[in-house]
Amino acid sequence: MPSKRDLLKMDTPYDGPNWSEFQWDRILAFIGGVVMTVLYLLADPFQYFPDWTAAALGSVPVGLLFYSFSSQSWQTWAKIAAGTAIGISLGTYF
């Protein structure tokens with residue numbers, strides 16, 4: 001039985017980008033990390049929150065940026081970001 005490619009007389013398959021192969025979660029994490037970093041710097045959360053809370057909020061965009069460049073799972077980077085936030089907040093609080 002002839003294949004679909006043989007019936008349509010296609011010599012080569014389409015060589016364009018295969019959008020399903022992109023790692024969209026990592027691309028969106030990078031974009032979100034950049035946007036959150038800019039917002040963090042522009043908003044200056046130290047004016048509105050206690051120092052320990054504002055310092056801990058800085059680990060969220062950093063965690064997103066690290067996740068976008070690494071091969072680790074998002075759960076691993078969420079744990080790292082949460083641990084960093086706790087450590088920074090305790091260090092700033094005491």
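Quick note: residue numbers are just sequence positions, from 1.
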Exercise for review: Identify the two heavy atoms, one from Ile88 and one from Ala56, that lie closest to each other, and give their separation to 0.1 Å.
Suggested key: CG2-N, 4.2 Å

Exercise for review: Return the minimal non-hydrogen interatomic distance between Arg26 and Gln72, and the atom names on each side.
Suggested key: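 For Arg26 and Gln72, the tightest heavy-atom pair comes out as NH2-O, 2.8 Å.
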
Test of understanding: with side-chain contact (heavy atoms from CB on, under 4.5 Å), list the residues that count as partners of [X], not counting sequence neighbours.
{"X": "Ala54", "answer": "Pro45, Phe46, Phe49"}
{"X": "Ile31", "answer": "Ile27, Val35"}
{"X": "Leu90", "answer": "Ile86, Phe94"}
{"X": "Ser73", "answer": "Gln75, Thr76"}

Review point. How would you list, by chain and number, every residue that makes a ring-ring contact (aromatic ring centres under 6.0 Å, His included) with Phe30, sequence neighbours excluded?
Key: Phe69

Check your understanding: Considering residues at least two apart in sequence or located in another chain, which fulfil the ring-ring contact (aromatic ring centres under 6.0 Å, His included) criterion with Tyr48?
Key ->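 None.
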
Members sharing [X]'s hydrophobic cluster (side chains within less than 4.5 Å):
{"X": "Val38", "value": "Leu42"}
{"X": "Leu64", "value": "Met36, Val60"}
{"X": "Val62", "value": "Phe66, Tyr67, Trp74, Trp77, Ile80"}

Review point. With sequence neighbours left out, which residue pairs that include part of residues 34-46 fulfil the side-chain hydrogen bond (donor to acceptor under 3.5 Å, both in side chains) condition?
Key: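 Only Asp44-Gln47 qualify under side-chain hydrogen bond (donor to acceptor under 3.5 Å, both in side chains).
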
Exercise for review: Name all pairs fulfilling the side-chain hydrogen bond (donor to acceptor under 3.5 Å, both in side chains) condition that reach into residues 49-66, sequence neighbours left out, sorted by first residue then second.
Suggested key: none

**Study point:** Worked verdict on Ser68 versus Gln23 for side chain to side chain contact (heavy atoms under 4.5 Å, CB included)
**Key:** CA-CA 9 Å; Ser68 68; Gln23 295 182 357; over 6 Å; no

